[in-house]
Enquirer: 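My questions will all concern the structure given below.
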Amino acid sequence: MEQNTAQTGATRQFNLGPNIRLGFAGENAAMDYARWLLARMGANITELTPGDFDVDMPVLMAGALKAAADSAAVRQKTPLAVRLWDFHVGKAGSGVQASAVSGVSWVIGLPGHAPLYLSAHVPEKWCGTLGASAALSYYVERITLPGIQQADRVFDVSAAEILRGFADQNFGNHKQIPTSWRRNGRLSPEHGGIFPQGFFKCQDGYVAVIGRSRPDWALMLKALGDPAWAIEEYRNPFKVALNAAPVEALFEQELQKYTRKDLLGLALKFGATFAPIYSKAEIPDEKLVRDSFFDDAGLPTLPFEILADQ
(Lines give C-alpha, C1' and ligand atoms only; values in the text may rest on other atoms or scores of the structure.)
Protein backbone atom coordinates (compact mmCIF):
# COMPACT_ATOMS: atom_id res chain seq x y z
CA MET A 1 0.00 0.00 0.00
CA GLU A 2 1.17 3.49 -0.68
CA GLN A 3 2.14 5.91 2.04
CA ASN A 4 -0.20 8.56 0.66
CA THR A 5 -1.48 10.89 3.34
CA ALA A 6 -3.51 14.05 3.62
CA GLN A 7 -1.87 16.61 5.89
CA THR A 8 -4.02 17.74 8.83
CA GLY A 9 -2.16 20.11 11.15
CA ALA A 10 0.43 18.16 13.12
CA THR A 11 -1.02 14.83 11.98
CA ARG A 12 -2.08 13.26 8.73
CA GLN A 13 -4.97 11.05 7.73
CA PHE A 14 -4.13 7.60 6.43
CA ASN A 15 -4.79 7.21 2.70
CA LEU A 16 -4.68 3.86 0.89
CA GLY A 17 -4.20 5.51 -2.50
CA PRO A 18 -5.55 4.92 -6.03
CA ASN A 19 -3.86 1.54 -6.51
CA ILE A 20 -6.12 -0.09 -3.94
CA ARG A 21 -8.99 -0.84 -6.33
CA LEU A 22 -12.32 -2.31 -5.24
CA GLY A 23 -15.54 -2.84 -7.17
CA PHE A 24 -18.89 -2.54 -5.35
CA ALA A 25 -22.02 -4.28 -6.61
CA GLY A 26 -25.34 -4.56 -4.79
CA GLU A 27 -26.78 -2.73 -1.82
CA ASN A 28 -27.35 -3.52 1.83
CA ALA A 29 -26.43 -1.89 5.13
CA ALA A 30 -23.17 -3.82 5.53
CA MET A 31 -22.11 -2.74 2.04
CA ASP A 32 -22.92 0.87 2.85
CA TYR A 33 -20.68 0.78 5.88
CA ALA A 34 -17.84 -1.07 4.10
CA ARG A 35 -18.04 1.48 1.29
CA TRP A 36 -17.97 4.40 3.73
CA LEU A 37 -15.04 2.97 5.67
CA LEU A 38 -12.92 2.12 2.63
CA ALA A 39 -13.70 5.48 1.02
CA ARG A 40 -12.61 7.19 4.24
CA MET A 41 -9.35 5.29 3.98
CA GLY A 42 -8.80 6.57 0.46
CA ALA A 43 -9.42 3.37 -1.52
CA ASN A 44 -10.22 3.57 -5.23
CA ILE A 45 -13.88 2.46 -5.39
CA THR A 46 -15.80 1.69 -8.58
CA GLU A 47 -19.57 1.25 -8.49
CA LEU A 48 -20.66 -1.69 -10.66
CA THR A 49 -23.94 -2.80 -12.19
CA PRO A 50 -24.76 -6.37 -13.32
CA GLY A 51 -23.54 -5.50 -16.82
CA ASP A 52 -20.15 -4.45 -15.44
CA PHE A 53 -19.28 -7.69 -13.65
CA ASP A 54 -16.79 -8.82 -16.27
CA VAL A 55 -14.46 -5.85 -15.71
CA ASP A 56 -10.89 -6.48 -14.62
CA MET A 57 -11.23 -5.73 -10.91
CA PRO A 58 -8.85 -7.16 -8.25
CA VAL A 59 -11.48 -7.23 -5.48
CA LEU A 60 -15.27 -7.31 -5.78
CA MET A 61 -17.49 -6.38 -2.83
CA ALA A 62 -20.94 -7.87 -3.41
CA GLY A 63 -23.92 -6.97 -1.27
CA ALA A 64 -25.84 -10.25 -0.94
CA LEU A 65 -25.55 -10.85 -4.70
CA LYS A 66 -24.69 -14.51 -5.06
CA ALA A 67 -24.65 -14.35 -8.86
CA ALA A 68 -22.15 -11.49 -8.83
CA ALA A 69 -19.45 -13.60 -7.25
CA ASP A 70 -20.37 -16.86 -8.99
CA SER A 71 -20.27 -15.49 -12.54
CA ALA A 72 -17.62 -17.27 -14.62
CA ALA A 73 -16.46 -13.96 -16.09
CA VAL A 74 -16.02 -12.50 -12.61
CA ARG A 75 -14.14 -15.54 -11.34
CA GLN A 76 -11.68 -15.25 -14.23
CA LYS A 77 -10.91 -11.58 -13.69
CA THR A 78 -11.49 -11.07 -9.96
CA PRO A 79 -9.07 -12.91 -7.64
CA LEU A 80 -11.21 -12.11 -4.57
CA ALA A 81 -14.93 -11.59 -4.11
CA VAL A 82 -16.34 -10.67 -0.69
CA ARG A 83 -20.10 -11.06 -0.20
CA LEU A 84 -21.70 -9.23 2.71
CA TRP A 85 -24.95 -10.36 4.33
CA ASP A 86 -26.90 -8.22 6.83
CA PHE A 87 -28.53 -11.37 8.20
CA HIS A 88 -27.28 -14.84 7.23
CA VAL A 89 -25.51 -16.22 4.16
CA GLY A 90 -28.05 -16.64 1.38
CA LYS A 91 -30.91 -15.05 3.36
CA ALA A 92 -32.36 -11.57 3.23
CA GLY A 93 -32.82 -9.87 6.59
CA SER A 94 -31.28 -7.49 9.08
CA GLY A 95 -29.06 -7.28 12.11
CA VAL A 96 -32.13 -7.58 14.35
CA GLN A 97 -32.72 -11.08 13.00
CA ALA A 98 -28.98 -11.81 13.23
CA SER A 99 -29.13 -10.92 16.93
CA ALA A 100 -31.94 -13.44 17.39
CA VAL A 101 -30.51 -16.46 15.57
CA SER A 102 -26.95 -15.95 16.84
CA GLY A 103 -27.97 -16.24 20.48
CA VAL A 104 -27.23 -12.61 21.38
CA SER A 105 -30.91 -11.87 22.12
CA TRP A 106 -30.99 -14.84 24.48
CA VAL A 107 -28.17 -13.63 26.68
CA ILE A 108 -28.50 -9.84 27.04
CA GLY A 109 -31.05 -7.99 29.12
CA LEU A 110 -33.08 -8.89 32.17
CA PRO A 111 -34.85 -12.24 32.73
CA GLY A 112 -38.56 -12.03 32.01
CA HIS A 113 -38.26 -8.89 29.87
CA ALA A 114 -38.61 -8.48 26.11
CA PRO A 115 -35.67 -9.75 24.02
CA LEU A 116 -33.02 -7.19 23.11
CA TYR A 117 -30.84 -6.80 20.05
CA LEU A 118 -27.72 -4.85 19.14
CA SER A 119 -29.11 -1.50 17.99
CA ALA A 120 -27.79 1.30 15.75
CA HIS A 121 -27.04 -1.23 12.96
CA VAL A 122 -24.09 -2.55 14.98
CA PRO A 123 -24.35 -6.06 13.44
CA GLU A 124 -24.37 -4.67 9.90
CA LYS A 125 -21.51 -2.27 10.69
CA TRP A 126 -19.52 -5.13 12.19
CA CYS A 127 -20.15 -7.14 9.03
CA GLY A 128 -19.06 -4.23 6.85
CA THR A 129 -15.89 -3.72 8.89
CA LEU A 130 -14.83 -7.36 8.65
CA GLY A 131 -15.75 -7.41 4.96
CA ALA A 132 -13.53 -4.40 4.35
CA SER A 133 -10.71 -6.16 6.22
CA ALA A 134 -11.15 -9.24 4.04
CA ALA A 135 -10.97 -7.08 0.92
CA LEU A 136 -7.77 -5.38 2.06
CA SER A 137 -6.24 -8.76 2.91
CA TYR A 138 -5.84 -9.34 -0.82
CA TYR A 139 -3.46 -6.40 -1.07
CA VAL A 140 -1.63 -7.28 2.15
CA GLU A 141 -1.06 -10.79 0.80
CA ARG A 142 0.12 -9.46 -2.54
CA ILE A 143 2.62 -7.13 -0.87
CA THR A 144 3.94 -9.51 1.79
CA LEU A 145 3.96 -12.63 -0.46
CA PRO A 146 4.72 -11.20 -3.91
CA GLY A 147 5.38 -14.57 -5.55
CA ILE A 148 2.17 -16.27 -4.46
CA GLN A 149 -0.40 -17.29 -7.06
CA GLN A 150 -3.69 -15.75 -5.94
CA ALA A 151 -6.48 -18.07 -7.02
CA ASP A 152 -10.06 -16.85 -7.27
CA ARG A 153 -11.75 -16.95 -3.89
CA VAL A 154 -15.15 -16.03 -2.49
CA PHE A 155 -15.57 -14.98 1.14
CA ASP A 156 -19.03 -14.81 2.70
CA VAL A 157 -19.29 -12.50 5.71
CA SER A 158 -22.60 -12.48 7.58
CA ALA A 159 -23.80 -10.58 10.64
CA ALA A 160 -25.30 -13.75 12.13
CA GLU A 161 -22.01 -15.65 12.08
CA ILE A 162 -20.11 -12.69 13.52
CA LEU A 163 -22.61 -12.34 16.37
CA ARG A 164 -22.51 -16.07 17.06
CA GLY A 165 -18.78 -15.73 17.68
CA PHE A 166 -19.50 -12.73 19.91
CA ALA A 167 -22.08 -14.70 21.88
CA ASP A 168 -19.77 -17.69 22.28
CA GLN A 169 -16.90 -15.50 23.46
CA ASN A 170 -18.90 -13.49 25.96
CA PHE A 171 -21.53 -15.94 27.15
CA GLY A 172 -20.22 -19.46 26.57
CA ASN A 173 -18.53 -21.42 29.33
CA HIS A 174 -15.11 -23.05 29.48
CA LYS A 175 -16.42 -26.03 27.50
CA GLN A 176 -17.54 -23.70 24.67
CA ILE A 177 -21.13 -24.90 24.80
CA PRO A 178 -24.24 -22.74 25.26
CA THR A 179 -25.96 -24.82 27.96
CA SER A 180 -25.44 -22.10 30.57
CA TRP A 181 -26.73 -19.25 28.45
CA ARG A 182 -29.14 -17.11 30.40
CA ARG A 183 -30.17 -13.47 30.69
CA ASN A 184 -28.21 -11.90 33.50
CA GLY A 185 -28.89 -8.16 33.42
CA ARG A 186 -25.81 -6.01 32.95
CA LEU A 187 -23.40 -8.88 33.57
CA SER A 188 -22.56 -11.52 30.97
CA PRO A 189 -23.51 -14.98 32.31
CA GLU A 190 -19.96 -16.34 32.01
CA HIS A 191 -18.19 -13.03 32.54
CA GLY A 192 -15.37 -14.25 34.79
CA GLY A 193 -16.59 -12.41 37.88
CA ILE A 194 -16.27 -8.88 36.52
CA PHE A 195 -18.32 -6.31 38.46
CA PRO A 196 -19.66 -3.73 37.85
CA GLN A 197 -20.24 -3.67 34.12
CA GLY A 198 -22.65 -1.64 32.00
CA PHE A 199 -24.35 1.74 31.70
CA PHE A 200 -25.61 3.37 34.89
CA LYS A 201 -27.72 6.47 35.49
CA CYS A 202 -26.07 9.49 37.03
CA GLN A 203 -27.43 12.95 37.86
CA ASP A 204 -27.56 14.28 34.30
CA GLY A 205 -27.34 11.23 32.05
CA TYR A 206 -25.44 7.97 31.94
CA VAL A 207 -21.95 6.74 32.67
CA ALA A 208 -20.27 3.58 31.36
CA VAL A 209 -18.56 1.52 34.04
CA ILE A 210 -16.42 -1.59 33.93
CA GLY A 211 -14.64 -3.19 36.88
CA ARG A 212 -12.03 -5.67 35.67
CA SER A 213 -10.52 -6.58 39.04
CA ARG A 214 -10.63 -6.10 42.80
CA PRO A 215 -8.46 -2.93 42.55
CA ASP A 216 -10.87 -1.43 39.98
CA TRP A 217 -13.85 -1.88 42.30
CA ALA A 218 -11.87 -0.57 45.27
CA LEU A 219 -10.91 2.58 43.32
CA MET A 220 -14.54 3.18 42.35
CA LEU A 221 -15.64 3.00 45.97
CA LYS A 222 -12.77 5.29 46.99
CA ALA A 223 -13.70 7.80 44.27
CA LEU A 224 -17.27 7.83 45.60
CA GLY A 225 -16.07 8.53 49.13
CA ASP A 226 -16.32 4.98 50.46
CA PRO A 227 -20.12 5.05 50.90
CA ALA A 228 -21.56 3.60 54.11
CA TRP A 229 -23.36 0.79 52.27
CA ALA A 230 -20.02 -0.58 51.00
CA ILE A 231 -19.71 -3.08 53.84
CA GLU A 232 -17.01 -5.73 53.86
CA GLU A 233 -19.07 -8.37 52.05
CA TYR A 234 -19.68 -5.91 49.20
CA ARG A 235 -15.98 -5.18 48.64
CA ASN A 236 -15.19 -8.43 46.83
CA PRO A 237 -16.48 -7.92 43.27
CA PHE A 238 -16.32 -11.63 42.47
CA LYS A 239 -18.70 -12.45 45.33
CA VAL A 240 -20.93 -9.48 44.53
CA ALA A 241 -21.20 -10.68 40.91
CA LEU A 242 -22.90 -13.88 42.09
CA ASN A 243 -25.94 -11.79 43.05
CA ALA A 244 -25.30 -8.34 41.64
CA ALA A 245 -28.78 -6.78 41.75
CA PRO A 246 -28.74 -5.44 45.36
CA VAL A 247 -25.32 -3.81 45.02
CA GLU A 248 -26.06 -2.53 41.52
CA ALA A 249 -29.07 -0.65 42.92
CA LEU A 250 -26.98 0.93 45.71
CA PHE A 251 -24.17 1.74 43.29
CA GLU A 252 -26.52 3.45 40.84
CA GLN A 253 -28.14 5.49 43.63
CA GLU A 254 -24.66 6.66 44.61
CA LEU A 255 -23.77 7.61 41.04
CA GLN A 256 -26.93 9.73 40.81
CA LYS A 257 -25.41 12.14 43.33
CA TYR A 258 -22.91 13.19 40.67
CA THR A 259 -22.99 14.72 37.19
CA ARG A 260 -21.11 13.22 34.27
CA LYS A 261 -18.45 15.90 34.59
CA ASP A 262 -18.09 15.16 38.31
CA LEU A 263 -17.59 11.46 37.59
CA LEU A 264 -15.06 12.16 34.86
CA GLY A 265 -13.10 14.29 37.32
CA LEU A 266 -13.21 11.53 39.92
CA ALA A 267 -12.14 8.98 37.32
CA LEU A 268 -9.09 11.04 36.41
CA LYS A 269 -8.23 11.78 40.04
CA PHE A 270 -8.56 8.26 41.44
CA GLY A 271 -8.09 6.07 38.37
CA ALA A 272 -11.66 4.78 38.58
CA THR A 273 -13.04 3.32 35.36
CA PHE A 274 -15.97 5.71 34.83
CA ALA A 275 -16.65 7.02 31.31
CA PRO A 276 -19.43 9.59 30.85
CA ILE A 277 -21.78 9.13 27.88
CA TYR A 278 -22.09 12.23 25.71
CA SER A 279 -24.15 12.91 22.62
CA LYS A 280 -22.48 13.87 19.37
CA ALA A 281 -23.61 17.46 19.89
CA GLU A 282 -22.03 17.61 23.35
CA ILE A 283 -18.63 16.13 22.48
CA PRO A 284 -16.97 19.25 20.98
CA ASP A 285 -17.84 21.39 24.01
CA GLU A 286 -16.45 18.81 26.43
CA LYS A 287 -12.98 18.85 24.78
CA LEU A 288 -12.72 15.07 25.07
CA VAL A 289 -11.53 14.29 21.54
CA ARG A 290 -8.83 15.53 19.18
CA ASP A 291 -9.66 18.56 17.04
CA SER A 292 -9.85 16.48 13.85
CA PHE A 293 -12.20 13.85 15.33
CA PHE A 294 -15.00 15.28 13.15
CA ASP A 295 -14.59 16.53 9.59
CA ASP A 296 -16.00 19.77 8.20
CA ALA A 297 -19.36 18.09 7.60
CA GLY A 298 -19.56 16.98 11.23
CA LEU A 299 -18.96 13.29 10.47
CA PRO A 300 -16.43 11.18 12.40
CA THR A 301 -13.04 10.73 10.76
CA LEU A 302 -10.99 7.55 10.95
CA PRO A 303 -10.28 6.39 14.52
CA PHE A 304 -6.56 6.89 14.04
CA GLU A 305 -4.09 9.38 12.58
CA ILE A 306 -0.43 9.26 11.60
CA LEU A 307 2.00 11.66 13.27
CA ALA A 308 3.19 14.14 10.66
CA ASP A 309 6.87 13.41 11.32
CA GLN A 310 6.50 9.63 10.92
Side-chain angles (χ1 to χ4, degrees), residues 99 103-120 122 166-279 282-283 286-289:
S99 294
V104 168
S105 293
W106 289 88
V107 291
I108 60 176
L110 294 168
H113 287 62
L116 302 177
Y117 60 91
L118 297 185
S119 59
V122 166
F166 170 74
D168 280 342
Q169 178 184 5
N170 287 273
F171 309 110
N173 60 23
H174 65 286
K175 295 181 180 178
Q176 295 302 303
I177 54 177
T179 53
S180 62
W181 283 12
R182 62 192 183 278
R183 307 185 75 196
N184 200 42
R186 290 185 175 100
L187 298 181
S188 301
E190 303 295 337
H191 62 286
I194 292 174
F195 177 86
Q197 176 179 271
F199 301 101
F200 292 83
K201 288 183 180 179
C202 60
Q203 194 176 105
D204 62 345
Y206 287 84
V207 61
V209 179
I210 182 167
R212 302 154 297 183
S213 63
R214 287 181 176 88
D216 277 353
W217 179 228
L219 287 171
M220 291 182 201
L221 294 176
K222 184 177 181 180
L224 297 175
D226 283 318
W229 55 260
I231 57 180
E232 187 62 31
E233 65 181 288
Y234 289 167
R235 290 185 175 270
N236 184 333
F238 298 100
K239 290 184 178 180
V240 170
L242 297 175
N243 181 25
V247 182
E248 277 192 347
L250 294 168
F251 180 59
E252 190 160 59
Q253 289 174 14
E254 198 69 33
L255 291 173
Q256 290 181 49
K257 298 177 182 178
Y258 302 89
T259 65
R260 290 172 295 172
K261 185 168 288 188
D262 293 336
L263 290 168
L264 178 59
L266 292 172
L268 295 173
K269 180 178 179 180
F270 291 96
T273 47
F274 302 142
I277 306 301
Y278 289 108
S279 69
E282 292 173 310
I283 288 175
E286 296 299 328
K287 308 295 183 185
L288 295 176
V289 298

Enquirer: Nearest heavy-atom pair of Gly185 and Pro111: which atoms, and what distance?
Expert: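 Heavy atoms only, the tightest pair is N-CD, 4.4 Å.
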Enquirer: Can you sort out the partners of Lys257 under salt bridge (charged side-chain N to carboxylate O under 4.0 Å, His left out), two or more places apart, ordered by chain and number?
Expert: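 Applying salt bridge (charged side-chain N to carboxylate O under 4.0 Å, His left out) to Lys257 gives Glu254.
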Enquirer: Is any side-chain heavy atom of Met220 closer than 4.5 Å to a side-chain heavy atom of Pro196?
Expert: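 When only atoms from C-beta onward are counted, Pro196 and Met220 do touch, with a gap below 4.5 Å.
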Enquirer: Once rounded to the nearest 0.5 Å, what's the spacing between atom OG of Ser99 and atom CH2 of Trp106?
Expert: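 Between Ser99 OG and Trp106 CH2, I get 13.5 Å after rounding to 0.5 Å.
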Enquirer: For Leu242, check side-chain contact (heavy atoms from CB on, under 4.5 Å) against everything at least two apart and list the hits.
Expert: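 Checked Leu242 against side-chain contact (heavy atoms from CB on, under 4.5 Å); zero matches.
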Enquirer: Under the salt bridge (charged side-chain N to carboxylate O under 4.0 Å, His left out) rule, collect the residues that match up with Asp216, sequence neighbours excluded.
Expert: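 Once residues adjacent in sequence are excluded, the partners of Asp216 under the salt bridge (charged side-chain N to carboxylate O under 4.0 Å, His left out) criterion are Arg212.
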Enquirer: Is there a donor-acceptor pair closer than 3.5 Å between any side-chain N or O of Thr259 and the backbone N or O of Gln203?
Expert: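 No, because the side chain of Thr259 does not come within donor-acceptor range (under 3.5 Å) of the backbone of Gln203.
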Enquirer: So Tyr278 and Val289, side chain to side chain contact (heavy atoms under 4.5 Å, CB included) or not? Walk me through it.
Expert: CA-CA 12 Å; Tyr278 289 108; Val289 298; over 6 Å; no
Enquirer: Indicate the ring-plane relationship of Tyr234 and Trp229, choosing parallel, tilted or perpendicular according to the 30° and 60° boundaries.
Expert: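 Rings of Tyr234 and Trp229: tilted, 30 to 60°.
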Enquirer: Atom CZ in Arg214, atom CG in Asn236: separation rounded to 0.5 Å?
Expert: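 The CG atom of Asn236 is 4.5 Å from CZ of Arg214, to the nearest 0.5 Å.
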Enquirer: Suppose we screen for side-chain contact (heavy atoms from CB on, under 4.5 Å). Which residues come up paired with Arg186, at least two apart in sequence or across chains?
Expert: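 Phe200, Glu248, Glu252.
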Enquirer: Keeping Thr273 on the side-chain end and Val209 on the backbone end, is there a donor-acceptor pair under 3.5 Å?
Expert: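 It does not hold such a pair.
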Enquirer: Are Leu224 and Leu263 packed together at the side-chain level, in the sense that at least one heavy-atom pair is separated by less than 4.5 angstrom?
Expert: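 Side-chain contact under 4.5 Å: yes.
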Enquirer: What residues form a side-chain contact (heavy atoms from CB on, under 4.5 Å) with Ala230, not counting sequence neighbours?
Expert: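 side-chain contact (heavy atoms from CB on, under 4.5 Å) check on Ala230 returns Leu221, Pro227, Arg235.
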Enquirer: For residues Ile108 and Tyr117, report the shortest heavy-atom separation together with the two atoms involved.
Expert: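 What the structure gives for the nearest pair is CD1-N, 4.3 Å.
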Enquirer: Taking C-beta and beyond as the side chain, do Phe251 and Val240 meet within less than 4.5 Å on heavy atoms?
Expert: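 When only atoms from C-beta onward are counted, Val240 and Phe251 do not touch, as no gap falls below 4.5 Å.
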Enquirer: Could you state the interatomic distance from CZ (Phe195) to CG (Asn243), rounded to the nearest 0.5 Å?
Expert: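 If I round to the nearest 0.5 Å, the distance is 10.0 Å.
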Enquirer: Can you list the residues that meet the side-chain contact (heavy atoms from CB on, under 4.5 Å) rule with Ala245, with sequence neighbours excluded?
Expert: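 side-chain contact (heavy atoms from CB on, under 4.5 Å) check on Ala245 returns nothing, list empty.
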Enquirer: Distance check, rounded to the nearest 0.5 Å: Glu286 atom CD versus Ser279 atom OG?
Expert: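 Nearest 0.5 Å value for the CD-OG distance: 9.0 Å.
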Enquirer: If you round to the nearest 0.5 Å, how far is CG of Asp262 from CG of Asp204?
Expert: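 Result: 8.0 Å between the selected atoms.
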Enquirer: Give me the atom names and distance for the closest heavy-atom approach of Gly109 to Leu116.
Expert: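 That closest heavy-atom pairing would be CA-CD1, 3.4 Å.
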Enquirer: In Å and rounded to the nearest 0.5 Å, what is the OG to CG distance from Ser213 to Leu219?
Expert: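 Atom-to-atom, Ser213:OG and Leu219:CG are 8.0 Å apart.
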